[in-house]
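Proteins get letters first, then strands, A, B, ... in listed order; numbering begins at 1 in each.
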Number of protein chains: 2
Amino acid sequence: MGNPYYECPLPVAIPPAKPLLESIKLGIKETLFPDDPFRQFKNQPASRKFILGMQYFVPILEWAPRYTFEFFKADLVAGITIASLAVPQGISYASLASLPPIIGLYSSFVPPLVYAMLGSSKDLAVGTVAVVSLLISSMLGKEVNPNENAKLYVQLAFTAAFFAGVFQVALGLLRLGFIVDFLSHATIVGFMGGAATVVCLQQLKGILGLVRFTHGTDLVSVMRSVFSQTHQWRWESGVLGCCFLFFLVLTRYVSKRKPCFFWINAMAPMMCVIVGSVLVYLTNAEKYGVQVIGHLKKGLNPLSVSELAFGSPYMVAAIKTGIITGVISLAEGVAVGRSFAMFKNYHIDGNKEMIAFGMMNIAGSCASCYLITGPFSRTAVNFNAGCKTAGSNIVMATAVMVTLLFLTPLFHYTPIVVLSSIIIAAMLGLIDYEAAIGLWKIDKGDFIVCMSAYIGVVFGSVEIGLVIPVTISLLRMLLSVARPRTFLLGNIPNSMIFRSVDQYPVANNIPGVLILQIDAPVNFANANYLRERISRWIYEEEEKLKSTGGSSLQYVILDLSAVGSTDTSGISMFKEVKKNIYRRGLKLVLANPRSEVIKKLVKSKFIESIGQEWIYLTVGEAVAACNFMLHASKSNNQVADEFDAHNNA
Amino acid sequence: MGNPYYECPLPVAIPPAKPLLESIKLGIKETLFPDDPFRQFKNQPASRKFILGMQYFVPILEWAPRYTFEFFKADLVAGITIASLAVPQGISYASLASLPPIIGLYSSFVPPLVYAMLGSSKDLAVGTVAVVSLLISSMLGKEVNPNENAKLYVQLAFTAAFFAGVFQVALGLLRLGFIVDFLSHATIVGFMGGAATVVCLQQLKGILGLVRFTHGTDLVSVMRSVFSQTHQWRWESGVLGCCFLFFLVLTRYVSKRKPCFFWINAMAPMMCVIVGSVLVYLTNAEKYGVQVIGHLKKGLNPLSVSELAFGSPYMVAAIKTGIITGVISLAEGVAVGRSFAMFKNYHIDGNKEMIAFGMMNIAGSCASCYLITGPFSRTAVNFNAGCKTAGSNIVMATAVMVTLLFLTPLFHYTPIVVLSSIIIAAMLGLIDYEAAIGLWKIDKGDFIVCMSAYIGVVFGSVEIGLVIPVTISLLRMLLSVARPRTFLLGNIPNSMIFRSVDQYPVANNIPGVLILQIDAPVNFANANYLRERISRWIYEEEEKLKSTGGSSLQYVILDLSAVGSTDTSGISMFKEVKKNIYRRGLKLVLANPRSEVIKKLVKSKFIESIGQEWIYLTVGEAVAACNFMLHASKSNNQVADEFDAHNNA
């Protein structure tokens with residue numbers, strides 16, 4: 001029956017049901033291949049497809065044939081610049097990971113070569129990073145003491161790198177890269193800041209020349225360790241460290257102000273190493289409490305396949321460390337690659353990058369390297385130095401190779417305190433308090449996530465600093481699904497537009513009609529809530545009308561524009577809401593149900609039960625129909641009777 | 001600059017920022033008190049508030065003063081009816097939980113009294129349930145063998161009931177009842193069906209008169225146990241069991257066909273017990289392999305506070321069992337209470353019900369009761385018998401008390417096989433294959449959840465059957481957030497309405513304008529995906545236009561009607577999309593940003609960067625503006641220049 005007097009001008013379309021297989025196929029495509037990576041393969045002959053496929057998986061095949069001497073010149077300059085950063089950083093970060101310094105150099109040789117072949121970024125300079133190094137030493141150090149059982153510890157570090165690589169390749173191949181997205185920007189800002197703080201604190205050991213030091217990474221243990229041995233502080237070491245640190249911070253400041261001086265910043269660590277080593281050599285400072293690196297073995301990376309500790313009782317720890325460090329390094333590497341690609345206006349495929357990162361770590365773990373990724377600082381130097389292709393990584397690897405073959409003895413007198421200064425200077429840039437302030441301004445929730453990561457790392461451990469913010473983020477997301485907002489809509493004057501009266505105070509209520517907008521997919525997690533909330537809206541509206549003596553409520557319009565999907569619990573919710581509304585003698589009208597929703601409403605016979613003529617394409621049309629009925633019923637009781645008949649049917 | 005020729009008629013409102021405290025307060029209210037439970041307390045004097053408060057927490061204070069003799073007559077009939085069901089079911093389910101039968105009777109005495117005082121449902125009949133009994137025996141039975149260490153096992157069952165109660169009260173007090181919603185309807189259909197199947201299989205022990213039986217609950221172990229001892233099968237027991245089962249199923253069928261005969265169904269179990277006991281007594285069948293209950297202790301519940309095994313090494317198992325059974329029993333009890341309340345048109349507060357359930361279980365655990373809830377079958381009988389208030393629970397408890405005090409010796413000769421038949425008959429109703437078919441028809445995803453629960457319970461264990469579907473449901477929800485859909489919108493002919501061209505094939509493209517609708521809140525989990533997806537939409541549209549030779553793309557309109565909220569990752573996404581669109585020489589236009597989104601876009605200076613004049617209230621207005629500009633630029637190059645100037649700024 002319904003409203004025979006008002007003809008719905010534009011019917012709501014009910015799309016035909018798709019075959020199951022087709023909708024599964026579409027779902028997989030939209031879920032796993034949103035960027036349609038194989039679009040260039042379409043309509044190509046088989047041979048061309050093969051070449052494209054090879055180029056897809058091994059990008060060097062694509063750019064190497066077009067490589068020019070101009071490119072080489074640019075890559076050579078950039079490569080040597082980043083190598084001068086890679087050597088001291090490699091040594092520093094390896095000691096941060098409690099590994100022998102030489103492994104830091106090894107790690108800057110093999111993996112960059114692999115990345116140069118497989119990586120699709122033109123700017124990324126790969127290498128060791130401080131945060132991952134810290135993670136390795138804190139996670140593996142809990143299981144095996146790196147001083148007492150050095151060989152096993154190193155083996156576990158290789159094994160962790162291997163599993164990190166396997167995990168990264170798997171994520172990429174299964175196109176599950178979006179898992180990395182769950183480390184939100186806010187989490188990373190807080191986590192990186194916290195990790196940098198912790199790393200800086202740890203360097204007090206080197207700066208103060210302490211021999212014994214805590215294995216804990218939290219603020220409290222470190223501070224206790226530092227202040228319990230004030231009589232052990234070495235002023236020589238401290239003064240040297242502060243000087244180098246001042247120099248490094250100054251160069252960073254200069255090159256930040258004038259980007260054309262980027263090379264000052266890039267060369268500064270190497271200069272510190274040289275100056276520090278010469279100083280120590282000339283003054284015999286190592287005899288006055290300034291610790292030095294000591295002997296570094298000459299020669300290239302030894303193979304380490306046989307060192308991978310697959311049968312070890314510490315396997316689980318290695319796998320866990322591998323997965324966590326793998327995700328963190330992906331989050332950094334992929335984000336850095338993407339940012340610079342966006343800057344230069346080319347596109348990189350996150351999942352493909354993950355495969356490249358994973359392959360490089362698997363290869364590295366077999367050649368005495370620990371986990372590496374694409375750090376922001378080194379990539380920025382590479383970019384500023386004018387790199388053109390991943391060739392700069394090959395140049396860097398070659399430079400590191402030369403160092404390994406001939407120059408290692410030169411590092412014998414390099415003081416540890418220089419390495420500490422280099423690490424601290426690099427870390428200061430990671431404490432991004434401006435980003436944290438920005439989070440506070442824009443989104444308080446994100447700020448809480450960020451601070452929970454920071455506080456978790458600084459006062460708890462690196463794992464706590466990861467688990468808490470990710471949990472908070474997920475709970476926040478679940479809560480937003482479980483508690484979607486509902487809005488009261490009103491008419492914007494002189495239009496057929498209906499908007500939330502909260503946002504548009506000018507919007508007017510329509511007498512006798514309550515218009516509600518549901519703001520999220522209706523599913524099992526929120527169906528009960530929405531039922532209660534809608535019933536409260538109706539109750540409150542009726543109370544308000546009663547107290548103001550307005551005309552009584554007749555229609556409830558649900559605007560479903562923002563309800564993208566629903567499930568069987570959602571359908572039950574609609575049925576219960578309908579029952580509740582009818583029992584109060586009101587009429588339920590739906591506006592703009594979307595294709596997924598209307599399909600399910602039809603299948604569950606809900607549309608049949610309220611009548612196809614009570615579904616409208618827009619809120620405006622629904623209101624027009626309700627108004628028509630209201631006026632008709634005022635002038636003619638017949639309509640009201642008919643309405644009742646329908647209601648009781 | 002932008003479009004000086006087209007004046008936006010209705011500006012998008014930017015609501016003023018709310019004070020932080022106020023928005024936190026509002027958030028808590030909407031999240032935890034969606035039904036505004038204290039609305040009747042508003043504007044009342046303090047004394048009235050106190051009375052309302054007492055009535056709120058102890059509903060019997062509300063209905064008892066209005067209790068009439070009419071109500072009593074109705075409750076008396078209903079109470080005796082459900083007592084005749086409670087006694088045999090109590091004994092049966094206790095043995096299902098591997099507890100002494102008398103505990104089943106105890107459990108139908110104290111808790112119903114507590115519920116009658118605190119519960120707000122007028123129809124719920126509380127009592128033991130099969131699924132929870134099964135869960136207790138399978139979860140605690142793994143830790144302690146109920147035959148070898150009966151005392152400890154019973155203590156653990158009480159302790160589990162205690163913790164279930166504490167957990168339920170805590171959920172209710174903290175208004176976290178929505179956690180129960182995560183057991184979706186589909187999960188419960190599958191889980192109940194699976195549990196019922198498993199329980200039926202377990203009853204083969206009683207029906208076949210087997211003495212030794214597996215402790216496993218899965219299909220494979222049970223079948224192996226049954227068929228490995230075919231020579232032990234007792235045909236006497238089997239025949240008796242089948243006869244009773246046939247009788248019970250028949251009575252259920254009859255009362256389903258004719259609801260006025262509900263009492264046949266309700267009385268049938270008691271009749272079976274009486275007939276069975278008399279038969280055994282007269283024929284001395286217990287000597288021919290028909291097992292009987294044996295001696296039941298006379299007297300009321302002994303106190304069991306001192307039995308709560310708080311210091312036991314099995315504490316963790318008891319807590320785990322308590323939490324899982326507590327959630328399951330809440331899911332059943334609250335849903336049943338809510339359904340019947342809806343039927344009789346009154347409202348019950350889920351969180352308040354949880355407190356009532358919890359208090360009754362805490363009280364029960366101190367009085368030798370194990371976990372109970374509000375089973376559907378018994379509540380339906382109560383409802384059909386015409387109960388008026390929770391008083392019927394008091395009548396039932398009184399009847400059980402009389403049984404405990406005087407009638408327990410009568411159950412000495414009750415054959416176990418009768419109990420098995422009663423359990424099977426009750427379970428058959430729980431295998432709701434019609435609901436499963438309905439799920440398949442309406443929502444394939446829900447069907448998969450349902451089947452995973454069923455298969456998990458039948459082939460794995462009850463815990464697996466819970467964890468898998470809940471995990472799938474959550475992952476599905478996360479996936480829908482991480483992969484929101486984007487739609488291409490077109491113009492519905494002869495209107496200003498824009499709808500998805502997928503749903504409305506009549507909708508037309510606007511030349512030179514790409515209109516995309518984002519279908520979910522933009523946050524960290526989907527920001528990367530949306531960026532890639534939008535860039536693919538633009539790419540595909542440009543390719544299409546190129547191949548068809550249409551007019552080139554000029555504007556991208558993002559319809560944000562369905563984007564209820566965003567976070568800082570979402571804001572970054574908008575910024576990157578803008579950069580990408582501008583780099584292609586296109587213009588970004590936003591339509592209908594909602595209050596949360598526009599606030600953050602303004603704070604992050606995004607609106608400033610694209611220009612306030614490119615934000616429209618509706619897609620229609622945005623398209624009109626774009627069309628105006630397109631035509632103006634065709635007739636006058638000045639506009640295009642101005643556009644470029646703006647673009648480069």
Side-chain angles (χ1 to χ4, degrees), chain A residues 10 13 15 20 30-31 34-36 178 181-182 184-186 342 345 350 439 441-446 473 477 479-483 485 492 495 497 500 502-504 519-521 523-525 528-529 532-533 536 561-562 564-565 567-569 571-572 576 579 583 594-595 600 603-604 617-618, chain B residues 10 13 15 20 30-31 34-36 178 181-182 184-186 342 345 350 439 441-446 473 477 479-483 485 492 495 497 500 502-504 519-521 523-525 528-529 532-533 536 561-562 564-565 567-569 571-572 576 579 583 594-595 600 603-604 617-618:
Chain A
L10 296 162
L20 187 58
E30 287 293 330
T31 308
D35 51 349
D36 196 11
F178 65 86
D181 292 344
F182 284 92
S184 67
H185 174 64
M342 184 163 300
N345 200 10
L439 292 177
K441 275 192 195 144
I442 296 175
D443 192 324
K444 308 283 185 278
D446 275 352
S473 303
M477 210 164 86
L479 194 67
S480 79
V481 177
R483 291 284 180 272
R485 298 196 58 182
I492 306 258
S495 77
I497 303 170
S500 154
D502 270 358
Q503 188 178 359
Y504 297 90
D519 211 25
N523 59 32
F524 63 93
N528 273 328
Y529 165 79
E532 306 239 311
R533 194 64 188 84
R536 181 172 141 208
S561 304
S565 64
D567 63 4
T568 51
S569 305
I571 301 287
S572 309
E576 288 170 9
K579 257 192 223 162
R583 209 182 298 114
R594 307 273 297 280
S595 97
K600 286 179 186 167
K603 275 188 210 156
S604 61
L617 190 61
T618 64
Chain B
L10 296 162
L20 187 58
E30 286 294 327
T31 308
D35 52 349
D36 197 9
F178 67 87
D181 291 343
F182 285 91
S184 68
H185 174 65
M342 185 164 299
N345 200 9
L439 292 178
K441 274 191 197 146
I442 295 175
D443 192 324
K444 307 285 185 276
D446 275 352
S473 305
M477 208 163 88
L479 194 66
S480 79
V481 177
R483 290 287 180 268
R485 298 197 58 184
I492 307 261
S495 76
I497 303 171
S500 153
D502 271 357
Q503 187 178 359
Y504 297 90
D519 211 24
N523 58 31
F524 64 94
N528 273 327
Y529 165 80
E532 306 239 311
R533 194 65 187 82
R536 182 173 142 209
S561 305
S565 64
D567 63 3
T568 50
S569 305
I571 300 288
S572 308
E576 287 169 10
K579 256 191 225 164
R583 207 181 299 112
R594 306 272 299 281
S595 96
K600 286 178 187 168
K603 275 188 213 157
S604 61
L617 191 60
T618 65

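- With respect to chain B, the highest number of heavy-atom pairs below 4.5 Å among A:His185, A:Lys579, A:Arg533, A:Lys603 belongs to A:Arg533.
- When B:Ala520, B:Ala562, B:Ser184 are compared by the number of non-hydrogen pairs under 4.5 Å with chain A, B:Ser184 comes out ahead.
- Between chain A and the residues B:Asp519, B:Thr618, B:Leu20, the most heavy-atom pairs under 4.5 angstrom are made by B:Asp519.
- Only the side chain of A:Arg483 comes within less than 4.5 Å of a heavy atom in chain B; its backbone stays farther off.
- Within the 3.5 Å criterion, the main-chain N or O of B:Asp446 finds no donor-acceptor partner in the side chain of A:Asp567.
- In terms of heavy-atom proximity, A:Phe182 sits nearest to B:Ala525 at CE2-CB, 3.9 Å.
- Heavy-atom pairs under 4.5 Å with chain A were tallied for B:Lys444, B:Arg485, B:Glu576, B:Glu30; the largest tally goes to B:Glu30.
- A:Leu439 CG to B:Thr568 OG1: the interatomic distance, rounded to the nearest 0.5 Å, is 5.0 Å.
- Considering only heavy-atom pairs separated by less than 4.5 Å from chain B, the leading option among A:Lys600, A:Glu532, A:Gln503 is A:Gln503.
- Residues satisfying the side chain to side chain donor-acceptor pair (under 3.5 Å) criterion with A:Ser561, sequence neighbours excluded, are A:Asp559, A:Asn592.
- With sequence neighbours left out, A:Ser473 forms a side chain to side chain donor-acceptor pair (under 3.5 Å) with no residue at all.
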